[in-house]
Amino acid sequence: MSNAGKRTGAVAGPLILIAIGAFMAWMSWLRWPDLIVDFGREVYVPWQLSLGEILYRDIAYFNGPLSPYLNAAVFKVFGVSILAMELANIFFIGLITFVVYRVFETKGDRVAPVMIGMMFLVIFAFAKYFPMGSYNFVAPYSHELVHGTLVSFLAIYMLKRYLQGPSVIWIGAAGLFTGLALLTKVEVAVSAVVSVAIGLMVIVWLERAAAVRVKNLILAFIAGLLAPLVAFIGFLSLYMGLGNAVKGAFGSWLILATTGIASSSFYTRMMGLDKVGQNLGLVFEYGLWWAVVLLIPLAATYLLRNNPFAKRHGWAIAFVISAGAAIYFLGSVSWLLIFRPLPLFVIAIIIVLWAGLMHARHDRESWSRAVPLLSIAVFSILMLLKIVLNSQVNGYGFVLAMPGALLTIYMIISRMPAALEKRWGSSSTFRGSILAVVLVIFGWHLLEEWKYYRPLTYPVGKGGDTILTYPPESVGVGFGMNVLLENIERIMGPEEGFVVMPEGALVNYLSRRPNPTGFINFVPADVQMFGESAMLAALRNAPPEFMIMISRDTSEYGAAYLGQGYGYGLFSFVSSRYEPVLQIGSPDFLVESKGFSQPLGMIVMKRIE
C-alpha cells in the first residue's frame, strides 16, 4: 500500500467513528436522563459544590470525590446546566472511544479497532433498552462509573505506550490514572488497581530488568498513584480536618464494610444470585448460541481451507449467508441476553492471553499487544463480578459489561481469524460470517434504542436544563414534574428550600432551591448507608419549610414505599409536622395507597406552625 493509501486508511477509521458518534448523539439528543431516579443527585451535588458547599461536610455522599468535583468544575467553567454536563460527557465518550481504538489497534488490522469503537458507541455509550433513563454514558446514574472507566482505560493505555517506547513517564501516568480511579467507586477502584498492577508486574517480569530499573518503575507508579489522592485529601482537609477528609474520600469502603449493604436483596438480584438455577441456565443457553455462531464458520473455514475459490470469494459468500440467517432468526433470539456467558468468555480469554505471553515472552512486539489486553481482561472480570450471573448490556451492564463485551468481540473478529490464518492458511470464510453476525447485533441494538428514544418528545425544564421525556398521554411523570415546578414558584417564597422524599433531587436542581439537610435521597439504600437517625437529626436541626413527597416505588430494595417496609421514623416525622397544600395527579395518574405514598403521585406539604 502506498503512503497516501496508508494515511487514508489511518484517517478513515476515526472519521467513521466520529460520524457514528454524531448520529447516536443526534438520535438521542436531550433524552438521556431519568426524571426521578438517581440522575437528580448527579446534577444537584455538583451544583451545590459550585456554590461553595463542601462534599462530605455539607452533603452526605457515598462515593469518591472525583466525579462531583469534576462536574462542579464543568459548571464553574461553562455555566450551570444539564446540557453543559451532557456535552462534557459526550466529550468523555469521544475520549473513551479514542482510547479503546488505540488499545485495540494492531499493525495491519484497521478493521477491528473501528468495529470495537463502533460497538462502544452503538451498544453502550448511548444505551437505552427500556423506558427508564440514565443507563448511558451521557447522563449516567453514577458518573463515578463513567469517569472511573475512562481513567482505567487510560491507565491501561499508558502501559501500552510504555511497551511501545519504554519511558518511566508512561508508568507514572498509569499510576496517576489509577489513582484517579481510586477516587470514584469501589468496584471501579478495585478493578483498576488490580488490572493495572498485574499489567505492570507482567511487564517487569517479562523485561527481566535490573533492580534499579524495577525500583524506578515501581516508584514512578506509586508517585503517580498517590498524587491525586494527596491532592483531594489535602483539599478536603482544609475544610474538615485530615481524618474526616480521609473518611469522606474513602467512605464507600467503610460503608461496604460496616452496613452489610453489599449483601442486600438489591445487590443479590443485580448479581443474579436470587435465581441461580435460572441464570445458570441462561448462561448455558447463550453459551450454546455462541458455540453455534462460532463453530459453523470454523468448520466451513477448515473444510474450504485449500479451496482457491473460497479463499478469494468465501468472505463475501459467508457474509451474505450469515447475515441472512441472523436476520431470519432475529425474532427468535433475546439479543439483550446474548452476553450472559461473558464472565466465562473473559476467563477463557485470560487463559489464552497468558498462554500466548508465555509462548512469546522474548518478543516485545507481542507483549505490547498482549499485556494491555490481559489488563483489560482482568479489569473486565472484576467489573463483571457485580453482575456475574446476570451479565447483559441493558441496565447496569451498560458500563459493567462493556469492557468484557468489547474484549470478547475483539478476540472473535481479530485474534481468532489471525490464528486461523496462521494455522490453516485461510480465515476468509470465518471473517465474513462473524462480521455479518456482529453487524446484525449492532443493528438490532440500534433499532431497539431508536424505539425507546424517539417517543421522548415532551420537554421538562427550560433552556440548558431541558429534558425530553414521554408526553402526558403516554406517561404522566414529565407533565407532573412541570406542574410541580410551576406551583413551587407560586407556593414558595424566593428563599425557601425543600426536601424531596424518597427521591427527586432533580426538582431541587430545576427549581434552583437547595435541600437544607445535606441528605439528598431517602431510598432504602441511603437510609441503610447513612442511618435514619442521622437523617432525622438533620431534619430536626434544619427543618425545611416544605416537603415534597414523590411516590417512588423502591421495591427493588425490598421495601415498596417510604413508611411501608422502611423509613418509619421519616414517615412519622413528615406526617406529624407537615400538611398537604398541593396534590398533583388525577385518579388515573394517582393510585391511592396507604398514607400519601401514591405511585406516580406528587404532594407538596407545608410545615405546620
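Side chains are part of it too, since the values below use all heavy atoms of this structure and drop only hydrogens, waters and symmetry mates. Just so you know, residue 1 is the first one in the sequence shown, and it goes up from there.
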Handout entry: Heavy atoms from other residues, nucleotides or ligands near CZ of Arg454 exceed 12 (cutoff 6.0 Å)
Key = yes
Problem - Candidate pair Val146 and Val399, rule side-chain contact (heavy atoms from CB on, under 4.5 Å), full reasoning - result: CA-CA 7 Å; Val146 172; Val399 64; 5.6 Å; no
Exercise for the section: Indicate whether the side chain of His147 and that of Thr184 have a donor and an acceptor atom separated by less than 3.5 Å. Expected result: no
Handout entry: Whether Arg312 side chain and Asn307 backbone form a donor-acceptor pair below 3.5 Å
Key = no
Handout entry: Donor-acceptor contact below 3.5 Å, side chain Lys128 vs main chain Pro131
Key = yes
Exercise for the section: For the residue pair Glu448 and His445, establish whether any side-chain heavy-atom pair is separated by less than 4.5 Å. Expected result: no
Practice task
On the 0 to 90° scale, with breaks at 30° and 60°, tag the Phe479-Tyr458 ring pair as parallel, tilted or perpendicular.
Solution key: tilted
Problem - Nearest-0.5 Å distance, OG1 of residue Thr149 to NZ of residue Lys185 - result: 11.0 Å
Problem - 4.5 Å side-chain heavy-atom contact, Val37 and Glu503 - result: yes
Exercise for the section: Specify whether Phe104 and Tyr410 have parallel, tilted or perpendicular ring planes, treating 30° as the upper limit for parallel and 60° as the lower limit for perpendicular. Expected result: tilted
Handout entry: salt_bridge(Arg41, Asp38) N-O dist < 4.0 Å
Key = yes
Exercise for the section: Compute the centroid of each ring, for Trp290 and then for Tyr286, and state whether the two points are separated by less than 6.0 Å. Expected result: no
Handout entry: Main-chain N/O of Ile123 paired with Tyr129 side-chain donor or acceptor, under 3.5 Å
Key = yes
Handout entry: Exam field: side chain Asn136 to backbone Ala139, donor-acceptor pair closer than 3.5 Å
Key = yes
Exercise for the section: Assess the side chains of Asn89 and His143: does a donor N or O sit below 3.5 Å from an acceptor N or O? Expected result: yes
Handout entry: Contact check, side chains of Met383 and Val188, non-hydrogen atoms, under 4.5 Å
Key = yes
Practice task
Apply ring-ring contact (aromatic ring centres under 6.0 Å, His included) to the pair Tyr396 and Tyr135, showing each step before the final yes or no.
Solution key: CA-CA 7 Å; Tyr396 300 101; Tyr135 288 104; 5.2 Å; yes
Problem - Result of checking Leu70, Leu87, Val138, Thr97 against Phe92 for side chain to side chain contact (heavy atoms under 4.5 Å, CB included) - result: Leu70
Practice task
Say whether, by atom type as modelled, one donor and one acceptor occur between the side chain of Ser81 and the main chain of Ala84 under 3.5 angstrom.
Solution key: yes
Exercise for the section: Kindly indicate whether the side chain of Leu506, heavy atoms from C-beta on, has any atom under 4.5 Å from the side chain of Leu35. Expected result: yes
Exercise for the section: Quick one: closest heavy-atom pair of Val293 and Ile434, and the distance? Expected result: O-CD1, 3.9 Å
Exercise for the section: Check whether any side-chain heavy atom of Asp465 sits under 4.5 Å from a side-chain heavy atom of Leu83, and report yes or no. Expected result: no
Exercise for the section: Check Ser426 against Thr301 and note the closest heavy-atom contact, atom names and distance. Expected result: O-CG2, 3.4 Å
Exercise for the section: State whether the number of non-hydrogen atoms from other residues, nucleotides or ligands found under 6.0 Å of His313 atom NE2 is greater than 12. Expected result: yes
Exercise for the section: Test the Arg31-Trp26 pair against the cation-pi criterion, namely NZ or CZ under 6.0 angstrom from the six-membered ring centroid and within 45° of the ring axis. Expected result: no
Practice task
Let me see the working for Ile116 and Ile413 under side-chain contact (heavy atoms from CB on, under 4.5 Å), right down to the final yes or no.
Solution key: CA-CA 9 Å; Ile116 300 308; Ile413 67 174; 4.2 Å; yes
Exercise for the section: Taking Asn390 for its side chain and Met271 for its backbone only, find out whether a donor-acceptor pair lies under 3.5 Å. Expected result: no
Problem - Check: Thr554 side chain, Val523 main-chain N or O, donor-acceptor pair, under 3.5 Å - result: no
Problem - Under 3.5 Å donor-acceptor, Thr466 side chain and Gly463 backbone - result: yes
Handout entry: Residue pair Arg431 / Val111, side-chain heavy-atom distance below 4.5 Å
Key = no
Practice task
For residues Leu121 and Phe23, determine if any side-chain heavy atom of one lies less than 4.5 Å from a side-chain heavy atom of the other.
Solution key: no
Handout entry: Backbone N/O of Phe126 and side chain of Tyr453: donor-acceptor pair under 3.5 Å
Key = yes
Practice task
Looking only at non-hydrogen atoms, find the nearest pair between Ala401 and Leu384 and report the distance.
Solution key: CA-CD2, 3.9 Å
Fill in the blank from the handout: In terms of heavy-atom contacts, Val74 and Ala88 come closest through CG2-CB, 3.9 Å
Practice task
List the steps and the verdict of side-chain contact (heavy atoms from CB on, under 4.5 Å) for Arg369 and Lys160.
Solution key: CA-CA 8 Å; Arg369 294 193 300 268; Lys160 182 172 183 177; over 6 Å; no
Problem - Residue pair Gly397 / Ile387: nearest heavy atoms and the distance that separates them - result: CA-CD1, 4.1 Å
Handout entry: Distance (rounded to the nearest 0.5 Å) between Met24 CE and Ile93 CD1
Key = 9.5 Å
Fill in the blank from the handout: Taken to the nearest 0.5 Å, the spacing of Met481 CE from Thr469 OG1 works out to 9.0 Å
Exercise for the section: Would you please test Leu468 and Thr457 for side-chain contact (heavy atoms from CB on, under 4.5 Å) and show each step? Expected result: CA-CA 5 Å; Leu468 295 180; Thr457 57; 5.9 Å; no
Problem - Flag if over 12 foreign heavy atoms under 6.0 Å of CZ, Phe442 - result: yes
Fill in the blank from the handout: Looking only at heavy atoms, the pair that brings Ser380 and Gly404 closest together is OG-N, 3.2 Å
Exercise for the section: May I ask you to test the Leu159-Trp170 pair for a side-chain heavy-atom distance under 4.5 Å? Expected result: no
Practice task
For the pair Phe137 and Phe398, name the ring-plane relationship: parallel under 30°, tilted 30 to 60°, perpendicular over 60°.
Solution key: perpendicular
Completion exercise
OG of Ser433 to CG of Leu294, rounded to nearest 0.5 Å, is 8.5 Å
Handout entry: Expected output: side-chain Ser375 to main-chain Ser195 donor-acceptor under 3.5 Å
Key = yes
Exercise for the section: Nearest 0.5 Å please: distance from the CG atom of Leu342 over to the OG1 atom of Thr408. Expected result: 4.5 Å
Practice task
Answer yes or no: does atom CZ of Phe91 have more than 12 heavy-atom neighbours from other residues, nucleotides or ligands under 6.0 Å?
Solution key: no
Problem - Trace of the ring-ring contact (aromatic ring centres under 6.0 Å, His included) decision for Phe266 with Tyr557 - result: CA-CA 5 Å; Phe266 176 78; Tyr557 296 104; 4.7 Å; yes
Exercise for the section: Give me the one residue out of Phe284, Trp335, Phe339 that meets ring pair (Phe, Tyr, Trp, His ring centres under 6.0 Å) with Trp289. Expected result: Trp335
Fill in the blank from the handout: So OG of Ser191 and CG of Leu400: to nearest 0.5 Å the spacing works out to 8.5 Å
Output side-chain donor-acceptor pairs under 3.5 Å for residues 272-280, partner residues at least two apart or in another chain, one line each.
from, atom 1, to, atom 2, distance (Å)
Asn279, OD1, Arg340, NH1, 3.1
Asn279, ND2, Gly272, O, 2.7
Asn279, ND2, Lys275, O, 3.1

